[in-house]
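Okay, structure first, notes after.
Side chains included, hydrogens not; waters and symmetry mates left out as well; all remaining heavy atoms used. Below, read A as the first sequence line, B as the second, and so on, with proteins coming before strands; counting in each chain starts at 1.
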Amino acid sequence: MKIHINYKEFIDKLKEMFDKGDWISCSNSHFFKLQSINDFDKVELTTIRPTEPIKIFLFQYRSNIIENIKKNKTLFLLGVKNCDLQAIKVLDKMFISEYIDENYKNLRESIIIFSSDCPKPNQTCFCAILNSKPYIDNESYSTDINISFIDEKNLILESFSEKGEEILKNYFSNFAQPTKTDFEKRDSIRDFALKKILEFNNEFLKEEKKEKYYKTLKNTYELDNVWQKESEKCVQCGGCNFICPSCYCFLIREYSKSYNEKNRDRVWDVCHFTGYSRVAGGANPRKYKYQRFRNRYQCKFVYRYENFNFYACTGCGRCIEVCPAKIDIRKVIRNLLLAKGEEILV
Amino acid sequence: MSTYKPKNFKILKIIEETPNIKTFTLKPLDETKFNFHTGQFIELTVYGIGEAPFTPSSSPYETETIDLTIMRVGRMTEVLHSMKEGDIVGVRGPYGKGYPVEEFKNKEVLIIGGGVGLAPLRSLILTLIERISEFKKIILCYGARTPQDVVYKYIFPKWKKIKGLEILRSVDRCQVDEWDETIGVVTCLLDKINVDVKNTVAIVCGPPIMMKFTTLKLVEKKFKPQQIYLSMERNMSCGLGKCGHCQIGSYFICKDGPVFSWEQLKDIPEPFE
Ligand SMILES: Cc1cc2nc3c(=O)[nH]c(=O)nc-3n(C[C@H](O)[C@H](O)[C@H](O)COP(=O)(O)OP(=O)(O)OC[C@H]3O[C@@H](n4cnc5c(N)ncnc54)[C@H](O)[C@@H]3O)c2cc1C
Ligand code: SF4
Ligand code: SF4
Ligand code: FES
């Protein structure tokens, strides 16, 4: 179902839904919880993804894994961008395929997503040269309703799931269908954003090279010296892992008081840390910094690509912004491609 | 129940194998049966201390209890070694894929173990013994550092009597008159055996360095990569293919292993360390 609505009417309708669950809105730094109906007036839908990674809603930094999280009330996420949908795709693959992680599953099932197009990408955004575009279409992963601005005051709402369809039917059925002109406006805003991203990344990578990342990163063991050079400034702080929406690694900490008072936590872990891969007796298959640094890239661009057939990096650029050593994932990949003799800037 | 919540098991019996290896016999507190496939592993919890992966060393045909043979190497195993019969520990699992026993049928099965690496292999050998007529022959090559470090000393006399099971043992070093079998690293036993390489599978478990040199030696002896099976060890946390720790190339050792054929691993850089 697709409808045309003006922004004010849209927000008023959301206000009617306030008590249907908890509401989280995106800004360009944080996800904010809406405290009252009036907070809907502060909602921002056109910023880029928050700096905070979306995984906090599915798999918190520290969580108890002995007690099952009960099905809680619905969590509405408002303004989720396509790169973060892509991150959820990776997390779903890890947590609810094969063995099911019940806590993840319960949280996942309680979420309803109102995604929105991303008309103003940042210099650090590179979604469009990987898996996704700066807007939501049929190729996007699992949203319920998408919001596209078509001018300052008007939107197109589009449902992508049964839940989304139901919401549109229940709350928005009085509104008109979008016209051909509405879609044309939407397309031109989308095209503009897409072009911006390709332009920002021109010096790094080109979209048509994307399957080359896998091939190049897979066999870079003869390029140890390049990895060493690229990782030289890395201080192994783990910031890139923590901030990354698709980094899912965790560690189980055992705190039980006794066998009948069990207690254990799951905390985010970091493949850059030496203890991550160290085994008993002190042996470590990734002893050197460059091996751990390389692992993070290969995990996303080689191993998960082999498992899932898509890259486990979303191109959100969070790790670029956070790195104290100013390491830019795009430059690292570019330099590897160059060292492999690939033509990049054609 | 949470996937990560261990079940309580009671320590029924503790055998001191060597100065730093003990075998613990565990039984579920709720008296349920514990089924596993030989070569699969479990996650063992010492409550309040930590959790670590171990492969049962007992026969999967024994479902009342499980044996774990554990070397004291660090934080959690240190505390475990100080525990007594009657104490309670936690177990979750079994996890992973075990030995593909069906594929060994009508073949010569060459089993090579080093140190505490004999633990999973004992489970495998006990499984093979149950159906010994299905295999051409079974050869066990076992190496330990010194005669004191040999595990399951009490089992070998029994095993040596079994028709179809051939046993060769070595120690790296020993005192005069202390050992009347081979002296040298375990790979030198491979020069003493007589197998029809084309119809043999080799199964290896031991410390990383031993696995590496044994694999190289087997390859030199013209074993094909798909005829060599290795029990891999990596840092593990979840045991379920989620936490990332045990990743080796695009495999997770906990979920896709811990038993791998050399064919699966040979192109992955630094598989041993
Ligand atoms: C599939 C598999 C099967 C195995 N089977 C056997 C077997 O049958 N017998 C056997 O003896 N060994 C076996 N091992 C090895 C065994 O798991 C290790 O010896 C064991 O993990 C050692 O634990 P430890 O705490 O005593 O050692 P440590 O060296 O103290 O710790 C080992 C690892 O645990 C983590 N760790 C340590 N301390 C902490 C802490 N405070 N908080 C969080 N993490 C911590 C670290 O990441 C470290 O790399 C097996 C390993 C695998 C992967
Ligand atoms: S690796 Fe960087 S750009 Fe890729 S998903 Fe993670 S934080 Fe975003
Ligand atoms: S954020 Fe930068 S310095 Fe920190 S671990 Fe990542 S690459 Fe290294
Ligand atoms: S131990 Fe967690 S992924 Fe294998």
Backbone N/O of A:F250 and side chain of B:H245: donor-acceptor pair under 3.5 Å | yes

B:E51 side chain to A:I252 main-chain N or O, any donor-acceptor pair under 3.5 Å?
-> no

Are the charged groups of B:K5 and A:E67 less than 4.0 angstrom apart, N to O?
-> no

What do you reckon, is NZ of B:K255 surrounded by more than 12 foreign heavy atoms closer than 6.0 Å?
-> yes

Check the surroundings of atom NZ in B:K266: do more than 12 heavy atoms from other residues, nucleotides or ligands lie under 6.0 Å from it?
-> yes

Chain B heavy atoms under 4.5 Å from A:R253: which part of the residue, side chain, backbone, both or neither?
-> neither

Verdict with supporting geometry, A:Y303 and B:Y251, side chain to side chain contact (heavy atoms under 4.5 Å, CB included) | CA-CA 8 Å; A:Y303 307 145; B:Y251 299 116; over 6 Å; no

Contact part of B:L29 toward chain A, heavy-atom cut-off under 4.5 Å: side chain, backbone, both or neither?
-> side chain

Measure distances from A:D101 to the heavy atoms of chain B and classify the residue's part below 4.5 Å as side chain, backbone, both or neither.
-> both

Given the rule in the side chain to side chain contact (heavy atoms under 4.5 Å, CB included) test, do B:Q247 and A:R304 qualify, once you have shown the distances and angles that lead to the verdict?
-> CA-CA 11 Å; B:Q247 169 161 304; A:R304 294 301 81 77; 2.6 Å; yes

Give a yes or no on this: more than 12 heavy atoms of other residues, nucleotides or ligands lie within 6.0 Å of atom NZ of B:K212.
-> no

Counting heavy atoms not belonging to A:K105, are there more than 12 under 6.0 Å from its NZ?
-> no

Report the distance from atom CG of B:N8 to atom OG of A:S258, rounding to the nearest 0.5 Å.
-> 8.5 Å

Got a second to check how far A:I100's CD1 is from B:L240's CG, nearest 0.5 Å?
-> 11.0 Å

Pairing residues for A:Y297 by the side chain to side chain donor-acceptor pair (under 3.5 Å) criterion, not counting sequence neighbours | none

All heavy atoms of B:K242 vs all of A:Y248, minimum pair found to be O-CD1, 3.3 Å

Pick from B:S237, B:G90, B:C243, B:G48: which one has the most heavy-atom pairs with chain A under 4.5 Å?
-> B:C243

If every non-hydrogen atom of A:V279 is compared with every non-hydrogen atom of B:N235, which pair is closest and at what distance?
-> CG1-N, 3.1 Å

Does a side chain donor of either B:Y4 or A:N103 reach within less than 3.5 Å of an acceptor in the other side chain?
-> no

Classify the ring geometry between B:Y47 and A:Y259 as parallel (under 30°), tilted (30 to 60°) or perpendicular (over 60°).
-> tilted

Which heavy-atom pair separates B:P6 from A:R264 by the least distance, and what is that distance?
-> CG-NH2, 3.7 Å

Above 12 or not: heavy atoms from other molecules or residues under 6.0 Å from NZ of A:K331?
-> no

Under a 4.5 Å heavy-atom cut-off, does chain B meet the side chain of A:K262, its backbone, both or neither?
-> side chain

Going through the checks in order, is the side chain to side chain contact (heavy atoms under 4.5 Å, CB included) test met by B:D267 and A:K218?
-> CA-CA 11 Å; B:D267 298 325; A:K218 184 172 168 70; over 6 Å; no

Where does A:C299 contact chain B at under 4.5 Å (heavy atoms): side chain, backbone, both or neither?
-> both

From B:D256 atom CG to A:E98 atom CD, the distance as rounded to the nearest 0.5 Å | 7.0 Å

Measuring heavy-atom distances to chain A, does B:V89 have an atom under 4.5 Å in its side chain, in its backbone, in both, or in neither?
-> neither

Steps toward side-chain hydrogen bond (donor to acceptor under 3.5 Å, both in side chains) verdict (B:T45, A:E254) = CA-CA 8 Å; B:T45 299; A:E254 167 51 46; 4.7 Å; no

Answer whether the closest heavy-atom distance between the side chains of B:F252 and A:N307 falls below 4.5 Å.
-> yes

Using a cut-off of 6.0 Å, state whether more than 12 heavy atoms not belonging to A:Y288 lie near its atom OH.
-> no

How long is the gap from SG on B:C238 to CG on A:D269, to the nearest 0.5 Å?
-> 11.5 Å

Taking atom CZ of A:R330 as the centre, does the number of heavy atoms from other residues, nucleotides or ligands within less than 6.0 Å exceed 12?
-> yes

Do you know which two heavy atoms are closest between A:C249 and B:G244, and how far apart they sit?
-> SG-CA, 3.7 Å

